[in-house]
Each structure stands twice: as C-alpha cells, then as structure tokens.
Amino acid sequence: MTIAPPESQAVLLARAEALAGRDLAWLAGELGVAVPDDLRRDKGWIGNLLELALGATAGSRAEPDFPHLGVEMKTLPVDARGRPRESTYVCTAPLDGSIARSWEDAWVRHKLARVLWIPILGDGHPGERIIGAPLLWSPSAEEEAVLKADWTALTEAIGLGETWQLEARKGKALQLRPKAAHAREMTWVIDDEGEWAQVNPRGFYLRASFTGSILKKHFAIG
DNA sequence: GTGTGATCATCT
DNA sequence: AGATGATCACAC
C-alpha cells in the first residue's frame, strides 16, 4: 500500500494528528506490514512504518523525508513520563574534510530546520506502542544557538584532526557517536599530526535531554 | 562502502 | 538510571 506525498505541511500535520492515539499494530495492519516481536533486528521499523503512513518519499536517500516541503520526520521513543528514552540520530558526521565551512551551510542545520516529531509511547511489544501527538517544529533562537555552538566545537575538533576528542561526552545538545555496522568499520581521516589515520565513522545525535526539552516546551501544561 | 531508519548492550 | 559506545537491516 502506497500513500501519496502530502501536498503541504498542514496536510502532513493533519495526517500525523489523525494517527495520534492509535497503536502500531493497528497502523501496521492498515498498511499490510508485519509487526516484529522486538526491534533488535528491526531498529528502524517504527520510523519506516511512520514514513510509509505519512507518504514520505526520500527513502534512504540523503534528503529530507518530504523534500518538496523541506520537512524531516523523526519518531521519538518516550517513557511513561513523556521523556525521550533514547538520543536521536541526525546525520552522518563528515570526518574527511568535506565539512561545511559554516553553521549556515551545515548539513545538521538543514536537517533540523523543520522536523515533524512523532512521540512513540511505551517500551513493550512494538505493536502495543502508541503513536503520540505530533509536533511540527523549528528550532527557536535559543535552541539554534545551542546547536550552533555544539556544532562549531565538534566541527573544529574534527577539522583539527583531534580524533581522541570525537567522543559522545562533548556537546550540550548535539553529540558525536559511532555510526556504523560495527566497531571494526573504519574511515580515513587526517589526524592532528597530519597523518592518515583510521577511525570509526561518526554521526551527529541529539541528546535525549534536548529533545525532551522540546517536547516539554510544547506539551507541558501551562 | 555510505546514508537512512534507529535501538541495543554495557559501563559508570 | 542515564549516558556512552556498539550494533542491526535495508537501499543504492
């Protein structure tokens, strides 16, 4: 079953809102998709299911999920208290020198310019998890300032070849984490002594505390 | 092999 | 329990 791409952000949001409160087993049934018993071997199952349901087109290409709308969709697993259970993957971190020269050009910034967050409630059987109320979001001035500061610091460390600094402890909101099939997978970088070196590929992730603050800001009872 | 979708597994 | 580092599946 294929769903046509939404013609506007309003339509996209309306579609997402119509799914809120449903469980994933229901949605999978509507789409003719089998529900796995757990996500160990289907880590992207929820994300792919929601993309299908909302009419995303980009697939695994390096584009927003809704290219014509400039919107990226991300599911966000949350616990009973409404706090994100995991960090959120944003995109691959370029370690090879093809780094954007400014935050304005950064891939991370474009990815996060407009995001449709879809909270997924529960941590039990995938089919029993509930689709939450969606949030069509753009970073506030303060949020963008934090992201920019983190990105600048992390990018600087990459640019200087300080490979030992490419660890998850850095960054208030944005962090670098391994992003590969396994730890033996390597990519080439030039280290701080100008020598070629091999390191595990990294990706940019949003800390759960950051995505949690986004949800809290928009859904907290005033 | 790289990028997209993420969660798992382990350590502190 | 929360964070860090490791890992799984699929498309191209």
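All heavy atoms count here, side chains included; hydrogens, waters and symmetry mates do not. Proteins come first, then strands; the chains are lettered A, B, ... in the order of their sequence lines, and each starts at number 1.
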What is the nucleic acid contact for A/G44, judged by heavy atoms within less than 4.0 Å: base, sugar-phosphate only, or nothing?
base
Which whole-number value in Å describes the distance from A/K43 NZ to B/dA6 P?
13 Å
Quick one: is A/T92 getting a side-chain N or O under 4.0 Å of the B/dT4 phosphate, OP1 or OP2?
yes
Pick the nucleotide of DNA chain C nearest each of A/D42 and A/S209; which residue has the one closer to the 5' end?
A/S209
Do the side chains of A/L154 and A/V108 join up, straight or via other hydrophobic residues, at under 4.5 Å, putting them in one cluster?
yes
Figure out the CG/C1' separation between A/L49 and B/dG5, and round it to whole Å.
12 Å
Which of the following nucleotides, B/dT7, C/dT4, C/dG5, is nearest to the side chain of A/Q175?
C/dT4
Please determine, for the side chain of A/E72, which listed nucleotide (B/dG5, B/dA9, B/dG3) has the closest atom?
B/dG5
Is there a donor and acceptor pair, one atom on the side chain of A/Y205 and one on the base of B/dA6, closer than 3.5 Å?
yes
So, does A/K74 get its side chain near the phosphate of B/dA6, meaning an N or O under 4.0 Å from OP1 or OP2?
yes
Mind checking if A/M73 touches a base, just sugar-phosphate, or nothing, with heavy atoms under 4.0 Å?
sugar-phosphate
Length of the line joining A/E185:CD and B/dG3:C1', which is rounded to integer Å:
11 Å
Determine the contact category for A/A183: base if any of its heavy atoms lies under 4.0 Å from a base atom, sugar-phosphate if only primed atoms, P, OP1 or OP2 are that close, otherwise nothing.
sugar-phosphate
For A/K217, is the NZ atom crowded, meaning more than 12 foreign heavy atoms sit under 6.0 Å from it?
yes
Taking A/E17 first and then A/R15, would you say they form a salt bridge - that is, a charged N and a carboxylate O separated by under 4.0 Å?
no
Sorted by number, the residues of residues 159-172 of chain A with heavy-atom contact under 4.0 Å to DNA chain C:
A/E167, A/A168, A/R169
Are A/V90 and A/L215 grouped together when hydrophobic residues (ILVMFWY) are joined by side-chain heavy atoms under 4.5 angstrom apart?
yes
In whole angstroms, the gap separating C1' of B/dG1 from NZ of A/K179 amounts to 14 Å
Toward the 5' end of DNA chain B, which comes first, A/N48 or A/T187, by nearest nucleotide?
A/T187
Go through A/K170 and A/Q165 one step at a time and tell me if the side-chain hydrogen bond (donor to acceptor under 3.5 Å, both in side chains) criterion holds.
CA-CA 8 Å; A/K170 300 199 71 171; A/Q165 288 213 38; 2.7 Å; yes
In this structure, how many angstroms lie between the P atom of C/dC8 and the CZ atom of A/R40, rounded?
11 Å
Touch class at under 4.0 angstrom, heavy-atom based, for A/A208 against every strand present
nothing
Among the nucleotides C/dA9, C/dG2, C/dC8, which one has an atom lying closest to any side-chain atom of A/R41?
C/dA9
Using a strict threshold of under 4.0 Å (side-chain N to carboxylate O), is an ion pair present between A/E86 and A/K43?
no
Residue of the set A/T163, A/D96, A/V189, A/L176 for which side-chain contact (heavy atoms from CB on, under 4.5 Å) holds with A/I158:
A/L176
Does B/dT4 have OP1 or OP2 sitting under 4.0 Å from an N or O in the side chain of A/K111?
yes
At under 4.0 Å, does any side-chain N or O of A/T75 touch on OP1 or OP2 of B/dA6?
yes
Can you tell me how far P of C/dA3 sits from CZ of A/R207, to the nearest Å?
7 Å
Does A/R177 place a side-chain N or O at less than 4.0 Å from the phosphate oxygens OP1/OP2 of C/dT7?
no
Distance check needed: B/dG5 C1' versus A/D65 CG, whole Å only.
9 Å
Would you please confirm or rule out a distance under 4.0 Å between OP1 or OP2 of B/dT7 and any side-chain N or O of A/Y89?
no
How far apart are the C-alpha atoms of A/Q9 and A/R114, what are their side-chain angles, what is the distance that settles it, and do they pass the side-chain hydrogen bond (donor to acceptor under 3.5 Å, both in side chains) test?
CA-CA 10 Å; A/Q9 292 192 8; A/R114 194 72 170 153; 3.0 Å; yes
Is A/R202 touching bases, backbone alone, or none of the nucleic acid, heavy atoms closer than 4.0 Å?
nothing
Would you indicate which nucleotide in C/dT4, B/dT4, B/dT7 comes nearest to any side-chain atom of A/L39?
B/dT7
Give a yes or no on whether a salt bridge exists between A/R109 and A/E144, defined as a side-chain N under 4.0 angstrom from a carboxylate O.
yes
Closest-nucleotide ordering on DNA chain B, the 5'-leading residue of A/W107 and A/E86
A/W107
Just call it for A/P201: base, sugar-phosphate, or nothing, with non-hydrogen atoms closer than 4.0 Å on any strand.
nothing
I need the CG-P distance between A/D123 and C/dA1, as an integer number of Å.
12 Å
